[in-house]
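Take a look at the structure set out below.
Throughout, protein chains are lettered first and strands after them, A, B, ... in sequence-line order, and every chain is numbered starting at 1.
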Protein chains: 2
Amino acid sequence: METIKYNEKGLIPAILQNAKSNEVLMLAWMNAEAYKKTLETREAHFWSRSRQELWHKGETSGNRMYVKEIRVDCDADTLLLFVDPAGPACHTGSRSCFSLTLE
Amino acid sequence: METIKYNEKGLIPAILQNAKSNEVLMLAWMNAEAYKKTLETREAHFWSRSRQELWHKGETSGNRMYVKEIRVDCDADTLLLFVDPAGPACHTGSRSCFSLTLE
């Protein structure tokens, strides 16, 4: 846990990738508590920047993200989580939050 | 371009994913200029937060990232770029920056 570098707000971005299909599902932010909860429960927890509270992904919707593996990048300031999603990652009902193609 | 939301520092995180293998390669940050350059050249450009300058990925190493598609997420504050990498994404020589497994 000491290897992770949080930013000046105490947050680190976490990319969620489907462990089976390799589809990138979403990016959200973790603080130390969310990271700890994720490790303990093996379900993705984040820090909601809009609501300013701990966010257990799928707690309401049921679309939990079961964490299979956690990686960190070379400068230790981004996480990559391989997950088994219980349902769509996106609040719009899309499988991935990255549905809109710009180019 | 107006659909993209930059943060309070004028930056947006961009995830790079190998367009063929679907491997997640790295996450870096773009400002408006880097995004514009990326669109114009079809090669990934970022804003280097450590050097505080425009960063044409692979300009020195040759490991350019040829951009095949750009997506944005549902709240328009994260980009996902599908790329064809000319070489390793990581400065360590690894194909991906996410080589270290924590859990």
Side-chain angles (χ1 to χ4, degrees), chain A residues 1-5 7-9 11-29 35-36 38-42 48-50 67-83 88-103, chain B residues 1-5 7-9 11-29 35-36 38-42 48-50 67-83 88-103:
Chain A
M1 248 165 124
E2 56 281 7
T3 56
I4 293 178
K5 285 186 209 144
N7 70 10
E8 70 283 357
K9 291 177 183 168
L11 301 174
I12 186 167
I15 302 164
L16 264 63
Q17 185 174 22
N18 186 311
K20 284 191 188 134
S21 70
N22 279 330
E23 185 176 32
V24 172
L25 302 174
M26 61 184 288
L27 179 143
W29 295 79
Y35 181 65
K36 187 164 166 273
T38 299
L39 290 186
E40 284 171 6
T41 63
R42 314 303 294 176
S48 169
R49 295 176 302 165
S50 54
V67 178
K68 300 302 171 186
E69 187 178 337
I70 302 178
R71 293 196 195 177
V72 67
D73 72 346
C74 53
D75 48 6
D77 64 359
T78 305
L79 298 174
L80 176 62
L81 278 69
F82 290 94
V83 300
C90 194
H91 71 283
T92 62
S94 291
R95 209 169 54 204
S96 161
C97 289
F98 295 96
S99 303
L100 182 62
T101 299
L102 294 179
E103 288 283 328
Chain B
M1 250 166 123
E2 56 281 5
T3 56
I4 293 179
K5 285 186 209 146
N7 70 10
E8 69 284 358
K9 291 178 183 168
L11 301 174
I12 184 167
I15 302 163
L16 264 62
Q17 185 174 21
N18 186 309
K20 282 190 188 132
S21 70
N22 279 330
E23 184 176 32
V24 172
L25 302 175
M26 60 185 289
L27 179 143
W29 294 79
Y35 181 65
K36 187 165 166 274
T38 300
L39 291 186
E40 283 171 7
T41 62
R42 314 303 293 176
S48 167
R49 295 175 304 164
S50 54
V67 178
K68 300 301 171 187
E69 187 178 338
I70 301 177
R71 292 195 196 178
V72 67
D73 73 346
C74 52
D75 47 6
D77 64 1
T78 305
L79 298 174
L80 176 62
L81 277 69
F82 291 94
V83 300
C90 194
H91 71 284
T92 63
S94 291
R95 208 169 55 207
S96 161
C97 290
F98 294 97
S99 303
L100 183 61
T101 299
L102 294 179
E103 289 283 329

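Residue contact with chain B, scored on non-hydrogen atoms closer than 4.5 Å, involves the backbone and the side chain of A:Leu79 alike. Using a 4.5 Å cut-off between heavy atoms, B:Ser99 touches chain A through its backbone atoms (N, CA, C, O) alone.
Contacts of B:Asp75 classified as side chain to side chain donor-acceptor pair (under 3.5 Å), with partners at least two apart in sequence or in another chain: none. Scored by the side chain to side chain donor-acceptor pair (under 3.5 Å) test, A:Glu23 finds A:Arg95 as partners (sequence neighbours excluded). Partners of A:Asp77 under the side chain to side chain donor-acceptor pair (under 3.5 Å) rule, at least two apart in sequence or in another chain, are B:Arg49.
Considering all non-hydrogen atoms of both residues, A:Leu27 and A:Phe98 come closest at N-CE1, 4.2 Å. Between A:Ser94 and A:Pro88, the closest heavy-atom pair is O-CB, 3.2 Å. Between A:Ala89 and A:Leu25, the shortest heavy-atom distance links the atoms CB-CB, 3.8 Å. When all heavy atoms of B:Cys90 and B:Ser96 are compared, the pair lying nearest together is CB-O, 3.8 Å.
Interface check for chain B: of the options A:Leu81, A:Thr78, A:Val67, the most heavy-atom pairs under 4.5 Å are formed by A:Thr78. When A:Val24, A:Thr92, A:Val72 are compared by the number of non-hydrogen pairs under 4.5 Å with chain B, A:Val72 comes out ahead.
Residues of residues 12-22 of chain A having a heavy atom under 4.5 Å from any heavy atom of chain B, listed by number: A:Ile15, A:Gln17, A:Ser21, A:Asn22.
Between the CZ atom of B:Arg42 and the CD1 atom of B:Ile70 there is a distance of 5.5 Å, given to the nearest 0.5 Å.
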